Amino acid sequence: MLAAKTLINPSPPLNLPPKLTLRRPKPPFSLSIRNSLSDSQAPTTPGQLRVDILSESLPFIQKFRGKTIVVKYGGAAMKSESLQASVVNDLVLLSCVGLRPVLVHGGGPEINHWLKRLNIEVSFHDGLRVTDAATMEIVSMVLAGKVNKNLVSLIDRAGVKAIGLCGFDGRLVTARPAPNAAKLGFVGEVARVDPTVLWSIVNDGHIPVIASVAADETGQQYNINADTVAGELAAALGAEKLILLTDVAGILSDRNDAFSLVKEIDIKGVKKMVEEGTIGGGMIPKVNCCVRSLAQGVKTASIVDGRVPHSLLLEILTDEGAGTMISG
């Protein structure tokens, strides 16, 4: 099926791996009759092409209309202005055709920038940011302030109202210290989610934009992994789909072969790949996040290549997708 990305801001053709190659649809028969020409004789005009795309997208729009989709945004898609615009436009289009997107974001590169600018040491332990009191103050300012409000502004300008939130707001997310807090500092986990504050936002057709910082029962702030926050919110909202935008193609059957993308897999298959060591490194927490959300009622979870323009539309509005879809 033709990629729905051509609906907005068409991008140059991509050199995608073979398993992500998109199929070009044939024009609908009715359009051929209108021109009284055969498919081979009738020229494909820009207008006709747009109609073809909309027609092909209809079953997917019908499937997801009125459904909640939780998207975790980060990685390359956050650092590149063109990819950022692509994600924003995708969210706005999905909202306009009746889906209920919820955006969760981190902001690691922006945090690093401000820590260095303020001469605060940046350190990591087992891939997680060590977050002392000074670092936590910057994390909160950058995520809930600068990054969050910039995304809200971009979505507003693209045509849909967005509401910026973090875990503190309406007690949306209550945090607890991570098990290795002695080494990591104020790095937390999700203790509880109360989505009450989100219902009026999504029911009014607005897009919640949520920063992955939250506080515990005493008011102590914590930095929480954005994948984790997205997965727990998806479960609490009864989302149809969880999408994690990443800097890789998805789950690979061979980590050394970028073309070995696994398009679809179930929880049992994922667990087997982890046990065999096929899935490892930074992909493990993402996969665990997806599995946990599926176990709590989310219908499907996808790990999507955020480096591909309009990857959200490719994942939701085509049968090819843009990564790996995990089902229960």
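Scope of the values below: all heavy atoms of this structure, side chains included, with no hydrogens, waters or symmetry mates. Start at 1 with the first residue, then count along the sequence. Here the structure is a predicted model, which means the values were calculated and not measured.
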For this session: Check the pair L245, S311 against side-chain contact (heavy atoms from CB on, under 4.5 Å), reporting the backbone distance first and the verdict last.
Result: CA-CA 8 Å; L245 291 178; S311 54; 3.6 Å; yes
Problem set entry | Stepwise side-chain contact (heavy atoms from CB on, under 4.5 Å) check, L252 with D257 | CA-CA 7 Å; L252 304 177; D257 181 2; over 6 Å; no
Exercise. Is L58 reachable from L312 through a run of I, L, V, M, F, W or Y residues, each pair having side-chain heavy atoms under 4.5 Å apart?
Worked result: no
For this session: Treat each ILVMFWY residue as a node, draw an edge where side-chain heavy atoms are under 4.5 Å apart, and state whether V197 and I163 are in one component.
Result: yes
Problem set entry | Under the side-chain hydrogen bond (donor to acceptor under 3.5 Å, both in side chains) test, residues paired with K146 that sit two or more places apart | E110
Problem set entry | Point-to-point distance, once rounded to the nearest 0.5 Å, from CG of D194 to OG1 of T196 | 3.5 Å
Exercise. Is it the case that more than 12 heavy atoms not belonging to K149 sit under 6.0 Å from its NZ atom?
Worked result: yes
For this session: Scan side-chain atoms only and decide if H105 and N148 contain a donor-acceptor pair under the 3.5 Å cut-off.
Result: yes
Exercise. With no hydrogens and no angle check, is any side-chain donor or acceptor of N150 less than 3.5 Å from a backbone partner on V147?
Worked result: no
Problem set entry | Over 12 non-hydrogen atoms of neighbours within 6.0 angstrom of CZ in R176 | yes
Exercise. Would a 4.5 Å heavy-atom cut-off, applied to side chains only, mark I111 and R129 as touching?
Worked result: yes
For this session: Give, for atom CD1 of I138 and atom CZ of R117, the distance between the pair rounded to the nearest 0.5 Å.
Result: 11.0 Å
For this session: Check L244 against C290 and note the closest heavy-atom contact, atom names and distance.
Result: CD1-SG, 3.8 Å
Exercise. Is there side-chain contact between V92 and I155, with heavy atoms separated by less than 4.5 Å?
Worked result: yes
Seminar exercise, completed: Rounded to the nearest 0.5 Å, the OG atom of S86 sits from the NE2 atom of H310 at a distance of 4.0 Å
Problem set entry | Atom pair CD1 (I265) and OG (S327), whose distance is rounded to the nearest 0.5 Å | 9.0 Å
Exercise. Which value, rounded to the nearest 0.5 Å, describes the distance between T246 atom OG1 and K72 atom NZ?
Worked result: 8.0 Å
Problem set entry | Student check: side-chain heavy atoms of D254 and N256 closer than 4.5 Å | yes
Exercise. Taking C-beta and beyond as the side chain, do N89 and L93 meet within less than 4.5 Å on heavy atoms?
Worked result: no
For this session: Could you tell me whether K286 and D227 make a salt bridge, using a distance below 4.0 angstrom between a side-chain N and a carboxylate O?
Result: yes
For this session: Search all heavy atoms of V193 against all heavy atoms of V190 and return the closest pair with its distance.
Result: CG2-CG1, 3.7 Å
Problem set entry | Backbone N/O of K183 and side chain of N180: donor-acceptor pair under 3.5 Å | no
Exercise. Tell me, do V130 and S123 make a side-chain contact under 4.5 Å, heavy atoms counted?
Worked result: yes
Problem set entry | Closest non-hydrogen atom pair, L294 against K299 | CD2-O, 3.5 Å
Problem set entry | Check: T218 main-chain N/O paired with D216 side-chain donor or acceptor under 3.5 Å | yes
Exercise. How about L99 and K241: do any of their side-chain heavy atoms sit closer than 4.5 Å?
Worked result: no
Problem set entry | side-chain hydrogen bond (donor to acceptor under 3.5 Å, both in side chains) against R157, all qualifying residues, sequence neighbours excluded | S153
For this session: Return yes if some donor-acceptor pair links the side-chain N/O of S212 with the main-chain N/O of I224 below 3.5 Å, else return no.
Result: yes
Exercise. Under the side-chain contact (heavy atoms from CB on, under 4.5 Å) criterion, do L198 and L165 qualify, and how do the steps go?
Worked result: CA-CA 9 Å; L198 296 181; L165 302 166; 3.5 Å; yes
Problem set entry | Check: E56 and T318 side chains under 4.5 Å, non-hydrogen atoms | no
For this session: Please step through side-chain contact (heavy atoms from CB on, under 4.5 Å) for the pair L91 and V160, ending with a clear verdict.
Result: CA-CA 9 Å; L91 289 168; V160 172; over 6 Å; no
Seminar exercise, completed: Smallest heavy-atom separation, V298 atom then L242 atom, equals CG1-N, 4.0 Å
Problem set entry | I243 to V304 - nearest heavy-atom pair and separation | CG2-CG2, 3.7 Å
Exercise. Do M325 and I316 sit in the same hydrophobic cluster, where Ile, Leu, Val, Met, Phe, Trp and Tyr count as joined when their side-chain heavy atoms come under 4.5 Å apart?
Worked result: no
Seminar exercise, completed: Closest non-hydrogen atoms of S253 and M273, given as atom of the first, atom of the second and distance, are CA-CE, 4.1 Å
Exercise. Would you say V213 and Q221 make side-chain contact, with heavy atoms under 4.5 Å?
Worked result: no
Exercise. If you round to the nearest 0.5 Å, how far is CG of L317 from CZ of F64?
Worked result: 8.0 Å
Exercise. Should we say atom CD of E137 is surrounded by more than 12 heavy atoms from elsewhere, each under 6.0 Å from it?
Worked result: no
Problem set entry | Within 6.0 Å of CZ in R255, more than 12 heavy atoms from elsewhere | yes
